[in-house]
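One structure is given here, and the rest of the page talks about it.
Note: hydrogens, waters and symmetry copies are ignored here, and every other heavy atom, side chains too, is used. Since this is a predicted model, take the numbers as computed values, not measurements.
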Amino acid sequence: MTSLLETRGLSVSFETPEGPVHAVKDVSLRIERGTTLGLVGESGCGKSTLGRAILRLLPENARISGSVIFNGQDLSTLPAKAMRDLRGRNIAMIFQDPMTRLDPLMKIRDHFIETIRAHDPTVDVDGAVERAKKVLADVRVPSDRLGMYPHELSGGMRQRIMIALCLLFNPALLIADEPTTALDVILEAQILQLLQSIMHEYNMAVLLITHNLGLVAEFADQVAVMYAGIIAEEGATVPLFREPRHPYTQGLLRSVIDLETQTLYSVPGSPPNLLGESIGCPFYARCEKRMDVCKSVFPEIRLVGEDRRKVACHLY
Amino acid sequence: MWIGIAIVLAIILMAMLAPFIAPFDPNTKVANPETAPGGPFLMGTDRSGQDVLSRIIWGARVPLAIIAVATTMSLVIGLPIGLLSGFVGGRLDRILVLVMDSIYAFPGLLLAIVVAAIIGRGILNISFAIAVVYIPTYFRVIRNHVASVKQEPYVEAAMALGMPRRRVIGRYVLPNVAQSIPVIFSVNAADSVLTEAGLTFLGLGLPPGIPDWGFDISLNWQRFEASWWATFYPGLFILILTTALTFVGEGLNDILNPLLRKKEYKSVAEA
């Protein structure tokens, strides 16, 4: 059986007046049905761009190459109309900032009605409201919230409503772009529990985009570590956390406060500028284990160790 | 703002009730030419002996009709292309902005004169001539507003939920930019009163026999010293209507633009 979603050599670059910015470079990932893939990396490493590239939700100056295979279907060749219908129906997406993701001039009810009727114009208003009530119950939101405007609701409530909007058509994949970053810790736990139970209920796969390693450790089956547009390391969560192989992953995992010594390690330097072409390993300048070869030769992905984990590093 | 609305409503009412409240027929000679104000002729008579007051009352109809038609026309044309241009962006946007800017670069009255001269007389034609002048105003304001609303996270979220473009524009973008429409509408209306009067003053646009403020001024201004009233009163009404519409526009702007209102409170508090 094929994977639910597979990207093959997916690259995204943005045309800018200074030249192309390569945000995502040759990324090949797989997500199996009903599983969670955690995509981690620093700000600006291209993880959100990757999520949007799957849904073809990028601005006009974006150039996408490579392919995205969803359920055996190549999304990169799909006509715009079919792609539109697929969004929200087969693949849905939630975002980091629930406070601004609902139209301030539209009642919650109308968000549901619009979304349902965009995909199925035969549903009447009453039918749409019924379906809205059903998914709202699944995300534990009282149905009297339907008559409210977004500003009357808290951030956690709005994120639940965003999730409910995504659940309407029982999509096979949910792209969650930093779904809890804007929420406090308690709400974060609630939303994550909710996502987890909904995943099982709806048998949904999740692409969890985050910079929060703890979240990934707890939540994801597979982890892909992204750096400067490339996948540095990818594998099953537990072994990857237990024994990180890429120097960047090692650095990331060390960047957690040590209570004994009260020190916080940080990976030195900052990510490279993605403008223009680059040669060699993108992590070269910050790497503690750099070698001469890293400067000039781009590290291809190789399968490392007995668990055959994907690592893009010349060390192996 | 309420003063403005009251005056505009009063003038609309006056125009609608013209057949009942005008003391004389506006197009007949009812007295000696250039009779001074007083007696049955509150505002005197003009050089053809027609009652100035009656002509002003009847003459309100034309500007009002033209403003209504012209501003509506420019809204109906300017709004959709503004929405489209702002949302779609790219080459279409650049072309439309260029076209609109070149229209905008012309002085309004000059442009209206050219259009009026090309398409000929008639209320509808002159409305169109004026509409052309104001389309770019709608276009620019709406287009820029759309371009910023388009970046709002809720628009992206709606797209991510599979909303078709047309629906996103209609249901999400339009209501969020609609607040700027009433302000442009009333400001344009005020301006179009002047453009209309200017056109009719120059003898363009209206077929003869229709009482109109601008036209009356052009008929009588050379006799200003002998009969100032025949020129003064139509001019006064043009002034009143323009000022009233401007008041409405400013008032709406204050309401729809809370930042400005806050400033006002602040200055009151300081005083």
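In terms of heavy-atom pairs under 4.5 angstrom with chain B, the leader among A/Arg56, A/Arg117, A/Met83 is A/Arg117. Counting heavy-atom pairs closer than 4.5 Å to chain A, the top-ranked of the candidates B/Ala158, B/Pro175, B/Gly162, B/Ala157 is B/Gly162. Contact count against chain A (heavy-atom pairs under 4.5 Å) is highest for B/Leu161 among B/Asn176, B/Val155, B/Leu161.
By the 6.0 Å contact criterion, CZ on A/Arg63 is enclosed, its count of non-hydrogen atoms from other residues, nucleotides or ligands being greater than 12. Counting heavy atoms of neighbouring residues, nucleotides and ligands inside a 6.0 Å radius, atom CG of B/Leu110 exceeds 12 of them. Atom CD of B/Glu250 has 12 or fewer neighbouring heavy atoms from other residues, nucleotides or ligands inside a 6.0 Å radius.
Among the residues in residues 181-194 of chain B, none has a non-hydrogen atom closer than 4.5 angstrom to a non-hydrogen atom of chain A. Along residues 78-107 of chain B, the residues that come nearer than 4.5 angstrom to chain A, judged on non-hydrogen atoms, are B/Val88, B/Gly89, B/Gly90 in order of number. When the heavy atoms of residues 86-112 of chain A are compared with those of chain B, the residues falling under 4.5 Å are A/Arg87, A/Gly88, A/Ile91, A/Met93, A/Phe95, A/Asp97, A/Thr100, A/Arg101, A/Leu102, A/Asp103, A/Pro104, A/Leu105, A/Met106, A/His111, listed by number. For residues 152-176 of chain A, the interface with chain B (any heavy-atom pair closer than 4.5 Å) comprises A/Met162, A/Leu165, A/Cys166, sorted by residue number.
With a 4.5 Å cut-off on non-hydrogen atoms, B/Arg171 touches chain A through its backbone and its side chain both.
Closest non-hydrogen pair, A/Arg84 versus B/Pro164, comes out as CD-CA, 3.2 Å. Shown here for B/Met163 and A/Glu114, the closest heavy-atom pair between the two residues is SD-O, 3.5 Å.
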